[in-house]
Amino acid sequence: MSSKQLNPDIIIIGAGIIGLSIAYHLLEAAPKLSVTLLEKEKMLGGGSTGKGTGSIRYQLSSPQLRRLSLLSRDFFLKFESTFDAPIWYLEKGCLMLAADEGSWNHLQLTTEQVVADGIPMELLKQEELLKNFPYLHSSRFLGGTLCPWDAYADPYAVLAALYAAVRRKGATVHFGREATKLILNGDTIKGVETGQGTIWSPLIVNAAGPYAAQLAATVGITLPVQPFRRQVYVCTNPKDVPPATPLIVDLSTGFYLHQEASARTVLLGGTDKDTWPGFEEVVDKSVAEDFFLAATETIPSTIDIKWLRTYTGICEQTPDFHPIIGEAPGLKGFFLANGLSGHGFMHAPAVGRIVADLILNGKTEQIDINLFHPDRFAKGYLTEPILLDNYSVKDAVRT
């Protein structure tokens with residue numbers, strides 16, 4: 001192994017969509033950097049990114065998260081021409097549905113805020129909803145919203161193109177090489193231990209996804225990021241749901257229908273928001289009955305679909321469902337890009353650019369980084385309820 005591989009300028013722990021985006025933006029801005037990525041999985045896409053549904057949304061109630069979506073927009077729009085790779089990007093919209101007064105009121109307020117940010121979003125009353133989407137439950141919903149910018153792209157295709165790009169730019173990527181412990185010299189990062197030996201670097205980025213807190217704990221940092229299992233049901237497309245239909249979300253249950261590019265199959269899920277934290281990716285068949293009940297309450301014709309298979313993935317969440325981005329307090333050279341809370345794929349371009357700015361320039365002009373600073377949890381506060389951002393109303397959480 002070369003000296004640059006053993007002593008790179010920067011080590012990024014995690015070669016999922018966040019880690020690769022950071023590497024890409026670093027090398028775009030500073031091509032002479034030596035960058036090494038360490039990935040615990042044995043192959044590309046073996047972690048959370050490869051199991052994502054590919055949703056890209058602007059219809060978000062948090063202004064900070066909307067900003068990340070807007071900062072990522074051009075990257076996705078120009079992706080195929082920039083990387084000369086197909087990602088099956090399609091702006092098919094997202095339809096958010098309100099079955100109760102609280103959700104309906106929140107949708108109306110959010111529509112005003114989203115439109116004020118220059119994002120197209122249409123508020124649909126019950127009659128308009130049923131006229132345009134006759135396959136929905138006829139009396140369940142008071143109304144909904146539709147944002148035509150909301151889109152789909154293939155997560156693995158994006159990941160593969162980014163991987164190829166950073167390799168061409170000279171980055172080294174080690175698969176099956178888990179970072180087991182960070183090494184310090186006083187209050188400064190020094191390197192990382194792996195099962196295959198130690199690699200030294202004055203700059204290390206934690207992009208370890210669900211395993212971010214475990215890694216940070218090796219140097220005494222308590223990172224409020226927890227892993228949650230999310231179950232996805234792959235089914236045949238309901239007979240009366242047309243091709244290229246929007247992503248459909250019932251806010252009261254969290255149920256969603258995500259039509260894949262072929263329109264022959266759909267990804268269904270979203271009703272397992274109350275699972276306990278953990279890394280186990282086993283399929284829990286005991287919750288299937290409640291899930292399919294929620295499905296038929298949203299789209300009655302789902303009663304006749306074929307259930308093809310089920311898989312699980314791990315979603316990393318913070319208490320306020322906003323990411324942690326920035327240099328770790330009290331530890332020089334250790335940067336955090338964690339807790340994307342289900343938005344990692346769609347916000348990876350923005351996060352990559354922001355982290356690259358922080359490392360290379362010590363600041364970023366893209367966003368007020370204090371809003372995502374790691375020490376915001378130490379003070380303890382109540383978060384605002386999030387409705388659109390995680391598909392269901394969340395109670396305020398005290399950290």
Side-chain angles (χ1 to χ4, degrees), residues 9-31 33 35 37 48-49 52 56-58 60 62-79 82 117 119 153 158-159 162 165-166 169 171 189 201-209 212 215-216 221 223-225 316-318 320-329 331-377 389:
D9 297 321
I10 299 173
I11 298 172
I12 299 172
I13 300 173
I17 193 71
I18 298 297
L20 286 174
S21 178
I22 293 169
Y24 174 81
H25 284 89
L26 282 168
L27 291 168
E28 274 283 282
L33 281 177
V35 178
L37 294 95
S48 298
T49 304
I56 300 167
R57 293 186 295 118
Y58 303 84
L60 298 161
S62 162
Q64 292 83 20
L65 297 182
R66 288 199 300 273
R67 176 65 178 161
L68 292 179
S69 290
L70 289 168
L71 288 173
S72 300
R73 180 167 172 76
D74 277 353
F75 191 84
F76 282 116
L77 289 174
K78 299 174 182 177
F79 194 99
T82 300
D117 280 348
I119 300 168
V158 173
L159 195 69
L162 273 176
V166 301
K169 291 177 180 292
I189 203 76
S201 177
L203 290 168
I204 295 179
V205 181
N206 183 350
L215 180 66
I221 294 175
L223 200 61
V225 175
E316 43 163 327
Q317 292 182 187
T318 63
D320 62 1
F321 305 101
H322 286 62
I324 296 170
I325 304 174
E327 193 169 18
L331 184 51
K332 297 174 184 176
F334 186 44
F335 288 82
L336 307 172
N338 309 121
L340 274 294
S341 301
H343 303 139
F345 175 68
M346 66 183 181
H347 288 161
V351 173
R353 185 175 174 185
I354 290 167
V355 174
D357 281 348
L358 294 175
I359 290 173
L360 298 175
N361 307 315
K363 62 180 181 178
T364 182
E365 303 296 330
Q366 306 303 314
I367 200 166
D368 181 359
I369 198 61
N370 291 320
L371 299 170
F372 301 133
H373 198 275
D375 69 0
R376 71 183 188 269
F377 298 100
D389 306 341

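The basis for the numbers below is simple: all heavy atoms, side chains too, and nothing from hydrogens, waters or symmetry mates. Because the structure is predicted, anything quoted here is derived from the model rather than measured.
Because its NZ or CZ atom is not both nearer than 6.0 Å to the ring centre of Tyr58 and within 45° of the ring axis, Arg66 does not count as a cation-pi partner of that residue.
The pair Arg67-Asp117 does not count as a salt bridge, with every side-chain nitrogen at least 4.0 angstrom from each carboxylate oxygen. A salt bridge does not link Glu28 with Arg353: none of the charged nitrogens is closer than 4.0 Å to a carboxylate oxygen.
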Name every donor-acceptor pair, under 3.5 Å, that has one atom in a side chain of residues 358-367 and the other anywhere in the protein, sequence neighbours excluded.
unit_1 : atom_1 : unit_2 : atom_2 : d
Thr364 : OG1    : Asp357 : OD2    : 3.0
Thr364 : OG1    : Gln366 : N      : 3.1

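Taking the side chain as every heavy atom from C-beta outward, Ile18 and Phe345 never approach each other to under 4.5 Å. Counting heavy atoms from C-beta outward, Ser69 and Leu60 have side chains that approach closer than 4.5 Å. Side-chain contact between Ile56 and Ser72 is absent, with no heavy atoms from C-beta onward closer than 4.5 Å. Side-chain atoms of Leu37 and Ile13, non-hydrogen and from C-beta on, never get closer than 4.5 Å to each other. Side chains of Leu27 and Leu33 form a contact here, defined as non-hydrogen atoms less than 4.5 Å apart. Residues His347 and Leu65 are in side-chain contact: their nearest non-hydrogen atoms beyond the backbone lie under 4.5 Å apart.
If you take CG on Leu162 and CD1 on Ile22, they are separated by 11.5 Å, rounding to the nearest 0.5 Å. Note that CD of Gln64 and CG of Asp368 are 8.5 Å apart. Values are rounded to the nearest 0.5 Å. Rounded to the nearest 0.5 Å, atoms CG (Leu20) and CD1 (Ile12) are 8.0 Å apart. Rounded to the nearest 0.5 angstrom, Ile325 CD1 and Ile369 CD1 are separated by 5.0 Å. From Leu159, atom CG reaches atom OG1 of Thr49 across 5.5 Å, with rounding to the nearest 0.5 Å. Taking CG of Asp74 as the reference point, atom CZ of Phe76 lies at 11.5 Å (rounded to 0.5 Å).
In summary, of the residues considered (Val166, Leu203, Ile10, Val205), a side chain to side chain contact (heavy atoms under 4.5 Å, CB included) with Leu26 occurs for Ile10 alone. When each of His373, Glu316, Arg376 is paired with Ile324, the side chain to side chain contact (heavy atoms under 4.5 Å, CB included) condition holds for Arg376 and for no other.
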Phe372 and Thr318: CA distance, side-chain angles, deciding distance, side chain to side chain contact (heavy atoms under 4.5 Å, CB included) verdict: CA-CA 11 Å; Phe372 301 133; Thr318 63; over 6 Å; no

His322 and Ser62: CA distance, side-chain angles, deciding distance, side-chain hydrogen bond (donor to acceptor under 3.5 Å, both in side chains) verdict: CA-CA 9 Å; His322 286 62; Ser62 162; 2.7 Å; yes

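Across every non-hydrogen atom of Ser341 and Phe321, the tightest pair is OG-CA, 3.4 Å.
The aromatic rings of Tyr24 and Phe75 sit perpendicular, their planes meeting at an angle over 60°, well past the 30° parallel limit.
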